[in-house]
Protein chains: 2
Amino acid sequence: MSPYDPSAYPPFAVTVDLVVLTVRRHALCALVVRRGEQPFQGRWALPGGFVRGDEDLAAAAARELSEETGLCAHDPAMPGAGNGAHLEQLATYGDPKRDPRMRVVSVAHLVLAPDLPAPRAGGDANSARWAPVDELLAVGDESAAGLAFDHARILADGVERARSKIEYSSLATAFCPPEFTVGELRRVYEAVWGVALDPRNFHRKVTGTPGFLVPAGGTTTRQGGRPAQLFRAGGATLLNPPMLRPEV
Amino acid sequence: MSPYDPSAYPPFAVTVDLVVLTVRRHALCALVVRRGEQPFQGRWALPGGFVRGDEDLAAAAARELSEETGLCAHDPAMPGAGNGAHLEQLATYGDPKRDPRMRVVSVAHLVLAPDLPAPRAGGDANSARWAPVDELLAVGDESAAGLAFDHARILADGVERARSKIEYSSLATAFCPPEFTVGELRRVYEAVWGVALDPRNFHRKVTGTPGFLVPAGGTTTRQGGRPAQLFRAGGATLLNPPMLRPEV
DNA sequence: GCTGTTTATCGTCAGGCAGACGACTATGAT
DNA sequence: ATCATAGTCGTCTGCCTGACGATAAACAGC
């Protein structure tokens with residue numbers, strides 16, 4: 001086979017699909033939209049759409065994200081500051097039979113966003129909502145309950161990426177508002193990992209890692225008990241040594 | 001924009017590119033082929049080619065690998081045993097201008113292989129060779145020296161993935177023949193990371209991690225000094241705690 | 001105002017693991 | 001025989017984590 005022969009390559013459709021994660025009410029949630037067309041009409045699916053002819057993959061993902069949620073993805077090169085969400089490429093799915101109508105290769109992207117008021121259903125989706133990932137990925141017969149296409153697999157991969165990535169990076173702060181307390185950050189870890197963490201050891205760890213957190217104004221806020229110090233994400237992106245995820 | 005409208009999506013060409021890494025003479029090397037056509041004629045590039053119309057992405061990568069090197073990629077689900085190389089998806093590159101002729105989205109894959117006799121130039125490549133990655137990625141003016149397309153970027157991403165992945169997985173064994181000594185495995189780490197490791201601490205670490213290595217026959221071989229025990233890759237794929245990469 | 005509850009924050013202590021290195025063993029080369 | 005080269009076993013020290021006690025600062029209710 002002669003590569004790069006413009007007259008003899010099979011045509012593909014290329015899409016981006018988004019795994020948009022956030023932490024709501026102590027649970028890790030993903031954004032899903034209800035499909036308005038066949039196939040899988042009426043089923044929930046990950047948001048996504050076609051990549052345009054002159055558009056980079058990351059740009060297409062950012063555009064879809066904006067259309068679907070109004071979120072503004074910020075470049076990984078620009079840490080902290082903006083309340084834009086973190087966006088990174090996840091993986092690409094190209095099983096010839098993943099879409100019954102035609103050959104579609106989907107470049108999935110992972111978005112980590114702070115808790116947002118309400119998703120706005122945009123474009124083609126009848127509606128959109130945040131659903132706990134445990135619910136979306138619940139195994140069982142789930143005859144008509146599963147996500148459309150191979151989106152359950154994509155979501156599972158995205159969740160696993162998020163779970164492992166907050167171990168060794170400061171990415172958990174992407175789930176928090178610009179200013180947050182140590183307790184809020186801890187609840188993010190607990191929700192994403194689905195475990196309980198010791199507040200004292202967690203506090204020692206995050207405040208003792210240089211560059212992870214920087215005190216913001218030094219004021220306080222409330223969440224229930226004693227006022228807590230406010231922090232902002234520091235410049236460090238990699239945690240070394242990493243945050244250890246309790247086994248089991 | 002209405003997703004999944006079969007009559008209104010821009011057509012793409014989809015290719016797979018391969019970052020095939022091995023360790024030769026104490027250096028991390030990548031497989032590159034010389035381009036026989038425009039553009040970038042005569043320049044070195046990563047091996048790759050078009051995905052066929054009915055082919056999965058991983059299958060296309062395995063096929064190209066086989067065509068280019070004769071290597072048989074084994075599924076990640078099947079550890080140890082076969083001398084097939086490790087293959088995993090790396091990332092997807094889709095800049096609209098990455099190929100001057102048409103819109104090409106390339107799904108890059110990472111292959112880790114043991115040291116092989118000689119690459120066989122197959123198909124369209126005038127020739128193929130193993131080149132040290134330091135050489136391929138050397139910064140400088142390198143007016144005509146760099147890799148074709150965005151392959152330098154892809155290679156850099158692949159090398160970085162390999163460097164980080166051998167920290168927390170047993171993947172370094174993919175660079176070794178089926179049976180190997182602790183010293184050989186250590187030299188793999190040293191070559192990939194570009195550092196010197198303490199043989200005694202390394203020995204303690206790898207032999208003390210359950211499931212990483214299993215004694216093979218218990219015989220010995222030689223590499224210079226005292227005979228060493230032969231091992232085989234164990235069932236464990238994740239290293240916990242990870243192998244620590246010395247800083248700088 | 002007092003008490004109980006909740007959350008934040010500081011400390012202490014023991015165990016595990018990694019880095020630094022000493023010592024000994026078993027080969028081949030000179 | 002001696003040296004060089006590698007492999008393997010130990011020791012010691014310092015850092016980090018997990019377990020957990022104790023104190024501090026808010027609020028709810030009496």
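Just so it is clear, the structure is predicted and the values come from calculations on it, not from any experiment. Below, each value reflects all heavy atoms present in this structure, side chains not excepted, and no hydrogens, waters or symmetry copies. All chains are named by letter (A, B, ...) in the order of the sequence lines, taking the proteins before the strands, and each is independently numbered beginning at 1.
A salt bridge does not link B/Arg161 with B/Asp157: none of the charged nitrogens is closer than 4.0 Å to a carboxylate oxygen.
At least one test fails for B/Arg25 against the ring of B/Trp130: distance under 6.0 Å to the centre or angle within 45° of the axis.
Between A/Phe231 atom CZ and C/dA8 atom C1' the separation is 11 Å, expressed in whole Å. A/Leu244 places its CG atom 18 Å from the P atom of D/dC15, with the value rounded to the nearest Å.
Between A/Val192 and A/Val23 the shortest heavy-atom distance is CG2-CG2, 4.2 Å. Taking both residues in full, the closest heavy atoms of B/Ser170 and B/Phe212 are given as CB-CE1, 3.3 Å, listed atom of the first, atom of the second, then distance. Here the closest heavy-atom approach between residue B/Pro241 and residue B/Lys205 is recorded as O-NZ, 2.9 Å.
In this structure the side chain of A/Leu46 never reaches within 4.5 angstrom of the side chain of A/Asp150, judged on heavy atoms.
Distances from the side chain of A/Val182 to the nucleotides D/dT8, C/dC17, C/dT9 place C/dT9 closest.
For DNA chain C, the residues of residues 189-205 of chain B within the heavy-atom distance limit of 4.0 Å (strictly under) are B/Asp198, B/Arg200, B/Asn201, B/Arg204, B/Lys205, sorted by number.
Between atom OG1 of residue B/Thr220 and atom CZ of residue B/Arg226 there is a gap of 10.0 Å, rounded to the nearest 0.5 Å.
Checking B/Arg187 against A/Pro241, the closest nucleotide of DNA chain D that is more toward the 5' end is the one next to B/Arg187.
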One character per nucleotide, please: for nucleotides 24-30 of chain D, 5' to 3', B when the base has a protein heavy atom closer than 4.0 Å, S when only the sugar-phosphate does, - otherwise. BBS----
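Sequence neighbours left out, the pairs with a member in residues 181-201 of chain A that pass ring pair (Phe, Tyr, Trp, His ring centres under 6.0 Å) are A/Tyr189-A/Trp193, A/Tyr189-A/Phe202.
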